[in-house]
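These figures come from a predicted structure and were not determined experimentally. Numbers restart at 1 for each chain; the letters A, B, ... are given by sequence-line order, proteins then strands.
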2 protein chains.
Amino acid sequence: MSGAVLPTIREVARLAGVSVATVSKALNDSGKVSEALRERVDTAARTLGYAPHASARSLRSGATRILGLLVADITNPFFLKLVEHIEQLASAAGYSVILCNSSEDAEREERHLGMLLSQRVDGILLIPVRDSWRGRIGALARLPQPLVLVDRMLDGLEADSVTIDNRMAGYLAGEHLLRLGHRHVAIVMGSPEHPIARHRLDGFREALATGGIALDEQLIARNCFNEEAAYRAVLALLDRAERPTAILATNNHLTLGLLRAVTDRALAMPDALSVIAVDDLPFSAIMRPGLTVVMQPSAAIAEAAISGLLDRIGGRAPEGSARAVVLEPRLAVRGSTAAPPRRA
Amino acid sequence: MSGAVLPTIREVARLAGVSVATVSKALNDSGKVSEALRERVDTAARTLGYAPHASARSLRSGATRILGLLVADITNPFFLKLVEHIEQLASAAGYSVILCNSSEDAEREERHLGMLLSQRVDGILLIPVRDSWRGRIGALARLPQPLVLVDRMLDGLEADSVTIDNRMAGYLAGEHLLRLGHRHVAIVMGSPEHPIARHRLDGFREALATGGIALDEQLIARNCFNEEAAYRAVLALLDRAERPTAILATNNHLTLGLLRAVTDRALAMPDALSVIAVDDLPFSAIMRPGLTVVMQPSAAIAEAAISGLLDRIGGRAPEGSARAVVLEPRLAVRGSTAAPPRRA
DNA sequence: TAGTCTTAAAAAAACGTTTAACTACCAAAT
DNA sequence: ATTTGGTAGTTAAACGTTTTTTTAAGACTA
């Protein structure tokens, strides 16, 4: 079954009747090789089923043609979309991808990074675990290979990054609700310490302010770190004497908790309550009613990340300065939002 | 930014004042090394930030500690769950995973496999593209590294495999509907040529037969290869004079089409129509009503696949004979199925 | 004709490890 | 006192490539 052993370049050389150097040049189109020999080498390689030994090649040449993809949490559908696109783009560019999932665990993230380092991957795409690398940023800065941060920045680190305008994401959500006539809106979010959540909150508040609405502090559910916390927070919001007419969830996981609470309270969307979320979900479009969301452009993010990384690897980017790409989110209006009910 | 160059074992040796061989032995716990020296070597390695060069190591030792994971279609939530589990288990066992997505394209699958071969991965987990390798099974059989087929078998290939009992999957669905009292049921499926679909159909039919019900040939929508085809096929089924009271979708993608058709025709689940599917979807439990499904035990599949592969890699499996693990699916009853309406 | 240039191919060095073979040393056994 | 044996370490070979250097030979110049 797994007994066969692969031929080496030496055996190809013997069969073709040339030296190993010539085989290498012929197969890699490097250096001068006569057409006749190239042909002989090619067929020799093919008949033996020769597959160059990547380890040997990269040991000598210094490049592995492997990228490391370190994802904070692969169960997050948005990150998953990124993984999908990135694998596809990398593969098209002739690179393989080692996939690492940190499960939002800083320790696992660090172990994985060490492995990627040992593996001498040509470049690393990092969606960092929240609050990881606090105080150990140096380790990242000193990385011998190019690094691109994706979706999440790391303050104190001068590195290339591709993110979205999170203030705008919040703003789009706020503006949409405002235009529909909502004046009594709530938000479910993570930690306000966390820049992404904070920016989304800021943008949301700012949009409401343009309509003269002040976001009620009582209706800001902070520090929801998972679906369960969001679920409970939303239940509390819905059980208030004066129930909000619309709720924004600032990420994927919180949205699930929000939806669960809404169905538990048997509130009809969008008639009794408008629901809007940041991040698309794989089923947002299938749900009835469809979920109105602010979408992050995952394809564009993946594209910017990969092309930025490949530029660095190829030495095509100005050494020294970090390049920060910021992309714009966009609003997808579906059925879960509408004008507020007549009487609150 | 990316200027640093990593230290080699030679520099660690110099700093610790020993030979490179000793460093290697000390760091790998192989051979005899005094406690004092091991300590010296350890600190030397740490202060230099030494990370062993994986290519060099595997060139010499013959093992890469990398597994190849070749997935037919990563957008399939079931396969995705497998990827998730497999990455986690592999990582826990000290292996890295190169993720390759074939997008149900045989050509891409073959290119990826060639790359994994060059990469000399220690083992390969393969969820093959449908109908790929037809007539070229030999290439797979001659692979120098262990291979485990996951979820889909490849006929003509004597290889380890981990699958589920697809007949049973169909049977469970049929039995459930039968018990609820349905007599007029439909099924949406892919090609009957394809063993998985065929077995699910067989099991379904068999279950119905135990209740004396013959599956109406008119109500078998064959050759639905994607969501769109399923959507149209279901619309046709629903528009029949005598509408079925329950429908089974035999996989993930078809389920989406089925659900779309049902909402388009504004049929209430489960009152007007019972819906059941093979394969869980990430939102089946969140949907209202929740979707009744036959679930494949993804964690168990991943576990069997990885441990089988590692056994082969470690030479702990009897050479020669292929081991076929078959796991049992299970039924998760949620809100989308109920007794049929009084009058058809 | 002798010398120089060009070119295709071969030879050899190098990449960073692991490991087999070897050495030096000391303790125990004869 | 000599052997035997084991232990802790070193030396050197090997893994399969790529790349630099060297060789050989033919074509051109003086």
Subject >> Where at least one partner belongs to residues 38-50 of chain A, residue pairs that pass side-chain hydrogen bond (donor to acceptor under 3.5 Å, both in side chains), sequence neighbours excluded >> reply: A:D29-A:R38
**OP:** Go through the side-chain N and O atoms of B:S19 and B:T22 and say whether any donor and acceptor fall under 3.5 Å apart.
**Re:** yes
Which atom pairs, donor and acceptor, lie under 3.5 Å between side-chain atoms of residues 146-156 of chain B and protein residues at least two apart or in another chain?
from	atom 1	to	atom 2	distance (Å)
B:R152	NH1	B:E104	OE2	3.3
B:R152	NH1	B:P128	O	2.9
B:R152	NH2	B:E104	OE2	3.0

Original post:
How would you list all residue pairs meeting salt bridge (charged side-chain N to carboxylate O under 4.0 Å, His left out) that involve residues 106-127 of chain A, not counting sequence neighbours?
Top reply: A:E110-A:R136
Subject >> Where at least one partner belongs to residues 6-23 of chain A, residue pairs that pass salt bridge (charged side-chain N to carboxylate O under 4.0 Å, His left out), sequence neighbours excluded >> reply: none
Original post:
Hey, can you pull the residues of residues 33-43 of chain A with a non-hydrogen atom under 4.0 angstrom from DNA chain C?
Top reply: A:V33, A:S34, A:L37
Contacts under 3.5 Å, N or O only, protein and nucleotides 16-20 of chain C:
from	atom 1	to	atom 2	distance (Å)
C:dG16	N2	B:A56	O	3.4
C:dT17	OP1	B:Y50	OH	3.1
C:dT17	OP1	B:H53	N	3.4
C:dT17	OP2	B:I9	N	2.6
C:dT17	O5'	B:Y50	OH	3.0
C:dT18	OP1	B:N28	ND2	3.1
C:dT18	OP2	B:S24	OG	2.5
C:dT18	OP2	B:N28	ND2	3.4
C:dT18	O2	B:R60	NE	3.4
C:dT18	O2	B:R60	NH1	2.9
C:dT19	O4'	B:R60	NH2	3.3

Please tabulate, for side-chain N and O atoms in residues 65-80 of chain A, each donor-acceptor pair with protein atoms closer than 3.5 Å (sequence neighbours left out).
from	atom 1	to	atom 2	distance (Å)
A:R65	NE	A:G94	O	3.3
A:R65	NH2	A:A93	O	3.3
A:D73	OD1	A:T75	N	3.0
A:D73	OD1	A:T75	OG1	2.7
A:D73	OD2	A:T75	OG1	3.2
A:D73	OD2	A:H253	NE2	3.2
A:N76	OD1	A:F78	N	2.8
A:N76	OD1	A:N252	ND2	2.5

Original post:
In whole Å, what is the span from the CD atom of A:E11 to the P atom of D:dC15?
Top reply: 11 Å
**OP:** Please report, rounded to the nearest Å, how far the C1' atom of C:dA21 is from the NZ atom of B:K32.
**Re:** 18 Å
**OP:** Apply salt bridge (Lys or Arg N to Asp or Glu O under 4.0 Å) to A:D131 and list each qualifying residue two or more places apart in sequence or on a separate chain.
**Re:** A:R134
Subject >> For B:K81, all residues meeting salt bridge (Lys or Arg N to Asp or Glu O under 4.0 Å), sequence neighbours excluded >> reply: B:E84
Original post:
What pairs with B:S91 under side chain to side chain donor-acceptor pair (under 3.5 Å), at least two apart in sequence or on another chain?
Top reply: A:H112
**OP:** List for me each residue that meets side chain to side chain donor-acceptor pair (under 3.5 Å) alongside B:S298, sequence neighbours excluded, and say none if there are none.
**Re:** none
Original post:
End-to-end bend of the helix from C:dT1-D:dA30 to C:dT30-D:dA1 (five-pair axes, 10° rounding)?
Top reply: 60°
